[in-house]
Amino acid sequence: PGPPTKGELFHAQVLLDTAAFSPGVIDGRAGSSMTEAIRGFQEANGLQVSGKLDRPTKSALLRQNRPSTITVTLTADDVGGPFTYPIPSKPEEQEKLKEMGYRNMLEKLAERYHTTPETVVALNGPDKLIGVGKQLRLPNVVPAARDYAGASEKQAPLLAALNVSSQGPQGDYIVVDKSEGLLKVYQGSFPTGEGDWEEAGTAKLVAQFPVTTGSSHDPLPLGDWKVTTYSFLPPFNYQPNLFWDVSVDKAERRLPPGPKGLVGVAWLDLTKDHYGIHGTPEPQLIGKSQSHGCLRMTNWDVMRLSLMMKPGFQAKFVA
(Lines give C-alpha, C1' and ligand atoms only; values in the text may rest on other atoms or scores of the structure.)
Protein backbone atom coordinates (compact mmCIF):
# COMPACT_ATOMS: atom_id res chain seq x y z
CA PRO A 1 0.00 0.00 0.00
CA GLY A 2 1.07 3.55 -0.70
CA PRO A 3 1.26 6.48 1.72
CA PRO A 4 -1.89 7.72 3.46
CA THR A 5 -3.65 10.51 1.55
CA LYS A 6 -4.75 13.03 4.17
CA GLY A 7 -8.00 14.42 2.87
CA GLU A 8 -7.58 18.16 3.46
CA LEU A 9 -3.95 18.30 2.34
CA PHE A 10 -4.67 16.15 -0.69
CA HIS A 11 -7.58 18.34 -1.76
CA ALA A 12 -5.49 21.49 -1.28
CA GLN A 13 -2.72 20.03 -3.46
CA VAL A 14 -5.21 19.33 -6.26
CA LEU A 15 -6.59 22.87 -6.07
CA LEU A 16 -3.13 24.46 -5.94
CA ASP A 17 -2.07 22.40 -8.94
CA THR A 18 -5.08 23.45 -11.02
CA ALA A 19 -4.58 27.09 -9.94
CA ALA A 20 -1.02 26.97 -11.43
CA PHE A 21 0.75 26.97 -8.05
CA SER A 22 2.26 23.53 -8.26
CA PRO A 23 2.98 21.53 -5.10
CA GLY A 24 4.99 19.03 -7.18
CA VAL A 25 3.55 15.52 -7.01
CA ILE A 26 0.08 15.27 -5.48
CA ASP A 27 0.48 12.79 -2.64
CA GLY A 28 -1.38 14.17 0.39
CA ARG A 29 1.84 14.82 2.27
CA ALA A 30 3.04 18.02 3.89
CA GLY A 31 6.48 19.32 2.92
CA SER A 32 8.44 22.29 1.67
CA SER A 33 6.98 22.19 -1.86
CA MET A 34 3.46 22.25 -0.43
CA THR A 35 4.31 25.14 1.90
CA GLU A 36 5.85 27.18 -0.92
CA ALA A 37 2.87 26.49 -3.19
CA ILE A 38 0.54 27.85 -0.49
CA ARG A 39 2.76 30.92 -0.02
CA GLY A 40 2.75 31.63 -3.75
CA PHE A 41 -1.02 31.24 -4.00
CA GLN A 42 -1.49 33.53 -1.01
CA GLU A 43 0.74 36.22 -2.54
CA ALA A 44 -1.03 36.04 -5.90
CA ASN A 45 -4.45 36.33 -4.28
CA GLY A 46 -3.75 39.16 -1.82
CA LEU A 47 -3.87 36.93 1.26
CA GLN A 48 -1.59 36.98 4.29
CA VAL A 49 1.51 35.06 3.24
CA SER A 50 2.03 32.43 5.93
CA GLY A 51 2.47 29.15 4.06
CA LYS A 52 -0.32 27.75 6.21
CA LEU A 53 -3.59 26.34 5.02
CA ASP A 54 -5.65 28.86 7.00
CA ARG A 55 -9.34 29.62 6.58
CA PRO A 56 -9.00 32.49 4.05
CA THR A 57 -6.66 30.35 1.93
CA LYS A 58 -9.02 27.38 2.01
CA SER A 59 -11.93 29.62 1.03
CA ALA A 60 -9.99 31.08 -1.90
CA LEU A 61 -8.98 27.62 -3.12
CA LEU A 62 -12.49 26.21 -2.78
CA ARG A 63 -13.86 28.84 -5.17
CA GLN A 64 -12.77 26.44 -7.92
CA ASN A 65 -15.62 24.14 -6.86
CA ARG A 66 -13.53 21.12 -7.81
CA PRO A 67 -13.70 17.78 -5.92
CA SER A 68 -10.37 16.30 -4.92
CA THR A 69 -10.73 13.10 -6.95
CA ILE A 70 -12.45 11.89 -10.09
CA THR A 71 -13.46 8.37 -11.10
CA VAL A 72 -11.92 7.61 -14.48
CA THR A 73 -12.81 4.78 -16.85
CA LEU A 74 -9.37 4.09 -18.27
CA THR A 75 -8.71 4.33 -22.00
CA ALA A 76 -5.67 3.60 -24.12
CA ASP A 77 -4.72 7.27 -23.73
CA ASP A 78 -4.43 6.63 -19.98
CA VAL A 79 -2.66 3.29 -19.93
CA GLY A 80 -1.72 2.30 -23.48
CA GLY A 81 1.83 1.35 -24.43
CA PRO A 82 4.33 0.70 -25.75
CA PHE A 83 6.35 0.57 -22.54
CA THR A 84 10.08 0.37 -21.92
CA TYR A 85 11.05 -2.28 -19.41
CA PRO A 86 13.58 -2.70 -18.11
CA ILE A 87 15.32 0.66 -18.59
CA PRO A 88 19.06 -0.04 -18.43
CA SER A 89 21.19 2.19 -16.22
CA LYS A 90 24.18 2.46 -18.57
CA PRO A 91 24.10 5.09 -21.37
CA GLU A 92 25.64 2.67 -23.87
CA GLU A 93 22.67 0.34 -23.32
CA GLN A 94 20.09 3.15 -23.27
CA GLU A 95 21.39 4.30 -26.66
CA LYS A 96 20.12 1.05 -28.20
CA LEU A 97 16.51 1.72 -27.18
CA LYS A 98 13.91 3.25 -29.50
CA GLU A 99 12.57 5.45 -26.71
CA MET A 100 12.81 6.03 -22.97
CA GLY A 101 9.15 5.34 -22.31
CA TYR A 102 7.15 4.67 -19.18
CA ARG A 103 7.93 1.30 -17.66
CA ASN A 104 4.32 0.24 -17.09
CA MET A 105 0.67 1.37 -17.06
CA LEU A 106 0.74 2.56 -13.46
CA GLU A 107 3.74 4.81 -14.02
CA LYS A 108 2.13 6.41 -17.09
CA LEU A 109 -1.21 6.90 -15.32
CA ALA A 110 0.41 8.47 -12.26
CA GLU A 111 2.27 11.07 -14.32
CA ARG A 112 -0.84 11.84 -16.38
CA TYR A 113 -2.65 12.70 -13.13
CA HIS A 114 0.29 14.56 -11.50
CA THR A 115 0.85 12.03 -8.76
CA THR A 116 2.89 8.93 -7.88
CA PRO A 117 2.21 5.21 -8.41
CA GLU A 118 2.12 4.80 -4.62
CA THR A 119 -0.63 7.41 -4.31
CA VAL A 120 -2.73 5.75 -7.02
CA VAL A 121 -2.48 2.53 -5.02
CA ALA A 122 -3.37 4.37 -1.79
CA LEU A 123 -6.48 5.87 -3.42
CA ASN A 124 -7.71 2.56 -4.84
CA GLY A 125 -6.27 -0.23 -2.75
CA PRO A 126 -3.49 -2.68 -3.67
CA ASP A 127 -5.89 -5.23 -5.20
CA LYS A 128 -7.57 -2.88 -7.68
CA LEU A 129 -7.04 -3.87 -11.32
CA ILE A 130 -5.63 -1.48 -13.90
CA GLY A 131 -6.20 -1.59 -17.66
CA VAL A 132 -8.41 -0.33 -20.48
CA GLY A 133 -12.05 -0.25 -19.32
CA LYS A 134 -11.18 -0.43 -15.62
CA GLN A 135 -12.25 2.35 -13.25
CA LEU A 136 -9.87 4.10 -10.85
CA ARG A 137 -10.15 7.02 -8.46
CA LEU A 138 -7.52 9.64 -9.35
CA PRO A 139 -6.54 13.23 -8.49
CA ASN A 140 -8.99 15.59 -10.19
CA VAL A 141 -6.56 17.50 -12.41
CA VAL A 142 -8.52 16.93 -15.62
CA PRO A 143 -8.62 20.32 -17.39
CA ALA A 144 -11.87 21.98 -18.37
CA ALA A 145 -10.40 22.96 -21.73
CA ARG A 146 -7.89 21.44 -24.14
CA ASP A 147 -7.91 24.06 -26.89
CA TYR A 148 -4.23 24.14 -27.73
CA ALA A 149 -4.53 26.48 -30.71
CA GLY A 150 -1.09 27.75 -31.57
CA ALA A 151 0.73 24.80 -29.95
CA SER A 152 3.20 22.98 -32.16
CA GLU A 153 2.58 19.56 -33.67
CA LYS A 154 4.75 17.87 -31.02
CA GLN A 155 3.66 20.12 -28.15
CA ALA A 156 -0.14 19.66 -28.33
CA PRO A 157 -0.25 15.85 -27.77
CA LEU A 158 2.03 16.17 -24.74
CA LEU A 159 -0.15 18.91 -23.25
CA ALA A 160 -3.18 16.64 -23.62
CA ALA A 161 -1.37 13.53 -22.35
CA LEU A 162 -0.25 15.35 -19.19
CA ASN A 163 -3.62 16.97 -18.42
CA VAL A 164 -2.45 20.55 -18.96
CA SER A 165 -5.23 23.12 -19.14
CA SER A 166 -5.33 25.47 -22.11
CA GLN A 167 -6.88 28.13 -19.84
CA GLY A 168 -3.80 28.78 -17.69
CA PRO A 169 -2.38 32.27 -17.17
CA GLN A 170 0.04 33.87 -19.63
CA GLY A 171 3.37 35.20 -18.35
CA ASP A 172 5.86 37.84 -19.46
CA TYR A 173 8.99 36.69 -17.63
CA ILE A 174 10.19 34.27 -14.97
CA VAL A 175 12.30 34.53 -11.82
CA VAL A 176 14.13 31.46 -10.52
CA ASP A 177 15.02 31.72 -6.85
CA LYS A 178 17.82 29.36 -5.84
CA SER A 179 17.23 29.75 -2.10
CA GLU A 180 13.56 28.82 -2.41
CA GLY A 181 13.88 26.24 -5.19
CA LEU A 182 11.10 27.95 -7.13
CA LEU A 183 10.35 29.16 -10.63
CA LYS A 184 7.90 32.07 -10.55
CA VAL A 185 5.94 33.37 -13.54
CA TYR A 186 5.16 37.08 -13.64
CA GLN A 187 3.12 39.46 -15.73
CA GLY A 188 4.60 42.91 -16.14
CA SER A 189 7.84 44.63 -17.10
CA PHE A 190 11.08 42.72 -16.68
CA PRO A 191 13.06 44.13 -13.71
CA THR A 192 16.45 45.56 -14.70
CA GLY A 193 19.34 47.18 -12.85
CA GLU A 194 20.91 46.37 -9.52
CA GLY A 195 17.96 47.20 -7.28
CA ASP A 196 15.56 44.87 -5.52
CA TRP A 197 13.75 43.07 -8.36
CA GLU A 198 10.86 42.23 -5.98
CA GLU A 199 10.11 45.96 -5.71
CA ALA A 200 10.20 46.54 -9.45
CA GLY A 201 6.67 47.94 -9.49
CA THR A 202 4.15 46.45 -11.86
CA ALA A 203 4.97 42.73 -11.61
CA LYS A 204 2.16 40.31 -10.75
CA LEU A 205 2.80 36.70 -9.73
CA VAL A 206 0.53 34.40 -11.76
CA ALA A 207 2.09 30.92 -11.44
CA GLN A 208 4.77 29.09 -9.51
CA PHE A 209 6.56 25.74 -9.82
CA PRO A 210 9.10 23.83 -7.68
CA VAL A 211 12.42 23.26 -9.45
CA THR A 212 15.77 21.62 -8.92
CA THR A 213 18.33 24.32 -9.63
CA GLY A 214 21.76 22.68 -9.85
CA SER A 215 24.40 21.58 -7.36
CA SER A 216 27.60 22.74 -5.70
CA HIS A 217 29.49 21.39 -8.74
CA ASP A 218 27.15 22.99 -11.30
CA PRO A 219 25.48 25.95 -9.58
CA LEU A 220 22.56 27.91 -10.96
CA PRO A 221 23.98 30.56 -13.35
CA LEU A 222 22.83 33.76 -11.64
CA GLY A 223 21.89 36.76 -13.74
CA ASP A 224 19.60 37.65 -16.63
CA TRP A 225 19.00 35.25 -19.52
CA LYS A 226 16.56 34.47 -22.27
CA VAL A 227 14.78 31.23 -23.11
CA THR A 228 14.91 31.14 -26.88
CA THR A 229 13.72 27.85 -28.35
CA TYR A 230 11.63 24.86 -27.28
CA SER A 231 12.17 21.21 -28.13
CA PHE A 232 9.60 18.51 -27.33
CA LEU A 233 10.51 14.85 -26.83
CA PRO A 234 14.14 15.67 -27.62
CA PRO A 235 16.93 13.10 -27.78
CA PHE A 236 19.68 13.78 -25.28
CA ASN A 237 23.30 14.30 -26.24
CA TYR A 238 25.12 12.62 -23.39
CA GLN A 239 28.51 14.34 -23.06
CA PRO A 240 30.56 12.94 -20.15
CA ASN A 241 32.82 16.03 -20.02
CA LEU A 242 29.79 18.06 -18.87
CA PHE A 243 29.07 15.71 -15.94
CA TRP A 244 31.26 16.13 -12.87
CA ASP A 245 30.37 12.63 -11.63
CA VAL A 246 31.18 10.80 -14.90
CA SER A 247 34.64 9.77 -16.09
CA VAL A 248 35.78 11.89 -19.07
CA ASP A 249 37.08 8.78 -20.86
CA LYS A 250 33.50 7.61 -21.44
CA ALA A 251 32.19 7.93 -24.98
CA GLU A 252 29.54 10.45 -26.01
CA ARG A 253 26.10 8.97 -26.62
CA ARG A 254 22.89 10.10 -28.27
CA LEU A 255 20.15 8.85 -25.98
CA PRO A 256 16.59 8.32 -27.27
CA PRO A 257 13.72 10.63 -26.31
CA GLY A 258 10.93 9.84 -23.89
CA PRO A 259 9.35 10.80 -20.56
CA LYS A 260 11.86 8.64 -18.67
CA GLY A 261 14.86 10.19 -20.43
CA LEU A 262 17.25 12.49 -18.59
CA VAL A 263 15.46 15.65 -19.76
CA GLY A 264 11.93 14.27 -19.79
CA VAL A 265 9.43 15.50 -22.39
CA ALA A 266 10.73 19.02 -23.09
CA TRP A 267 13.86 21.19 -23.26
CA LEU A 268 13.51 24.99 -23.10
CA ASP A 269 16.88 26.31 -24.23
CA LEU A 270 18.68 29.10 -22.34
CA THR A 271 21.07 31.61 -23.88
CA LYS A 272 23.77 30.16 -21.59
CA ASP A 273 25.55 27.29 -23.34
CA HIS A 274 24.54 23.78 -22.21
CA TYR A 275 21.81 25.11 -19.89
CA GLY A 276 18.07 24.71 -20.21
CA ILE A 277 14.78 24.21 -18.38
CA HIS A 278 13.60 20.63 -18.80
CA GLY A 279 11.50 17.76 -17.52
CA THR A 280 12.55 14.79 -15.41
CA PRO A 281 12.11 11.02 -15.26
CA GLU A 282 11.67 11.21 -11.45
CA PRO A 283 9.03 13.85 -10.56
CA GLN A 284 8.97 12.92 -6.87
CA LEU A 285 12.59 14.11 -6.54
CA ILE A 286 12.05 17.69 -7.72
CA GLY A 287 13.51 20.00 -5.08
CA LYS A 288 14.95 17.04 -3.20
CA SER A 289 18.00 16.14 -5.31
CA GLN A 290 20.76 17.83 -7.31
CA SER A 291 21.00 18.41 -11.05
CA HIS A 292 23.94 19.01 -13.36
CA GLY A 293 23.27 22.75 -13.51
CA CYS A 294 20.05 22.88 -15.51
CA LEU A 295 16.59 23.62 -14.13
CA ARG A 296 14.58 20.46 -13.70
CA MET A 297 10.76 20.39 -13.36
CA THR A 298 8.08 17.72 -13.41
CA ASN A 299 7.08 16.84 -16.96
CA TRP A 300 3.59 18.29 -16.52
CA ASP A 301 4.96 21.56 -15.09
CA VAL A 302 7.51 22.11 -17.86
CA MET A 303 4.74 21.57 -20.40
CA ARG A 304 2.56 24.11 -18.58
CA LEU A 305 5.43 26.56 -18.65
CA SER A 306 5.85 26.02 -22.40
CA LEU A 307 2.19 27.02 -22.87
CA MET A 308 2.34 30.05 -20.55
CA MET A 309 5.48 31.59 -22.06
CA LYS A 310 6.35 32.48 -25.65
CA PRO A 311 9.84 31.57 -26.90
CA GLY A 312 12.26 34.44 -26.33
CA PHE A 313 10.99 35.26 -22.85
CA GLN A 314 13.35 36.73 -20.25
CA ALA A 315 14.52 34.98 -17.11
CA LYS A 316 16.16 36.28 -13.96
CA PHE A 317 18.10 33.83 -11.76
CA VAL A 318 18.70 34.99 -8.19
CA ALA A 319 20.36 33.54 -5.13
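The structure presented is a predicted model; accordingly, all values stated were derived computationally and were not measured.
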Using every non-hydrogen atom in the two residues, find where [X] and [Y] come nearest and quote the distance to one decimal.
X	Y	answer
Phe317	Pro221	CD1-O, 3.1 Å
Pro311	Thr228	CB-O, 3.3 Å
Gln167	Ala144	OE1-CB, 4.3 Å
Phe10	Ser68	CE2-O, 3.7 Å
Pro143	Ser165	CB-CA, 3.4 Å
Met303	Leu158	CE-CB, 3.7 Å

Exercise for review: Check the pair Phe83 / Tyr102 against ring-ring contact (aromatic ring centres under 6.0 Å, His included), numbers first and verdict last.
Suggested key: CA-CA 5 Å; Phe83 300 108; Tyr102 296 110; 7.7 Å; no

Common cluster, [X]/[Y], ILVMFWY with side-chain heavy-atom separation under 4.5 Å:
X	Y	value
Val263	Met100	no
Leu182	Phe21	no
Val211	Leu222	yes
Val142	Val132	yes
Leu47	Leu16	yes

Exercise for review: Just do the side chain to side chain contact (heavy atoms under 4.5 Å, CB included) check on Ile26 and Val14 with the steps written out, would you?
Suggested key: CA-CA 7 Å; Ile26 296 170; Val14 169; 4.0 Å; yes

Practice item. Please assess Asn163 against Arg112 for the test side chain to side chain donor-acceptor pair (under 3.5 Å), listing each intermediate value before the final yes or no. Key: CA-CA 6 Å; Asn163 275 325; Arg112 183 169 170 85; 5.0 Å; no

Interatomic spacing from [atom1] in [X] to [atom2] in [Y] - rounded to 0.5 Å:
X	Y	atom1	atom2	result
Leu295	Thr213	CG	OG1	6.5 Å
Leu61	Gln42	CG	CD	9.0 Å
Arg137	Thr69	CZ	OG1	4.0 Å
Arg29	Asp27	CZ	CG	6.0 Å
Gln13	His114	CD	NE2	13.0 Å
Leu138	Thr71	CG	OG1	8.0 Å

Check whether any side-chain heavy atom of [X] lies under 4.5 Å from a side-chain heavy atom of [Y], and answer yes or no.
X	Y	answer
Pro191	Lys316	yes
Pro88	Leu97	yes
Leu262	His278	no
Leu136	Val72	no
Leu159	Leu307	yes
Glu111	Leu162	yes
Glu36	Gln208	yes
Leu53	Ile38	yes

Thinking salt bridges, do [X] and [Y] make one under a 4.0 Å N-O criterion?
X	Y	value
Arg304	Asp17	yes
Asp78	Lys108	no
Arg39	Glu180	no
Glu99	Lys260	no
Lys96	Glu93	yes

Check your understanding: Have Asp301 and Ser22 got a donor and an acceptor in their side chains that come within less than 3.5 Å?
Key -> yes

Practice item. Indicate whether the side chain of Glu282 and that of Gln284 have a donor and an acceptor atom separated by less than 3.5 Å. Key: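 Yes, Gln284 and Glu282 have a side-chain donor paired with an acceptor closer than 3.5 Å.
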
Review point. Given the rule in the side chain to side chain contact (heavy atoms under 4.5 Å, CB included) test, do Ile277 and Trp267 qualify, once you have shown the distances and angles that lead to the verdict?
Key: CA-CA 6 Å; Ile277 303 171; Trp267 174 276; over 6 Å; no

Check your understanding: Between Leu183 and Val175, does a side chain to side chain contact (heavy atoms under 4.5 Å, CB included) hold up when you go through it step by step?
Key -> CA-CA 6 Å; Leu183 186 154; Val175 173; over 6 Å; no

Point to revise | Residues Leu205, Val185; criterion side chain to side chain contact (heavy atoms under 4.5 Å, CB included); working and verdict | key: CA-CA 6 Å; Leu205 178 66; Val185 177; 5.8 Å; no

Check your understanding: Taking the six-membered ring for Trp, are the ring centroids of Phe313 and Tyr173 within less than 6.0 Å of each other?
Key -> no

Check your understanding: Given the rule in the side chain to side chain donor-acceptor pair (under 3.5 Å) test, do Thr35 and Ser32 qualify, once you have shown the distances and angles that lead to the verdict?
Key -> CA-CA 5 Å; Thr35 299; Ser32 59; over 6 Å; no

Review point. Is the backbone N or O of Gly264 less than 3.5 Å from a side-chain atom of Thr280, with the two atoms forming a donor-acceptor pair by type?
Key: no

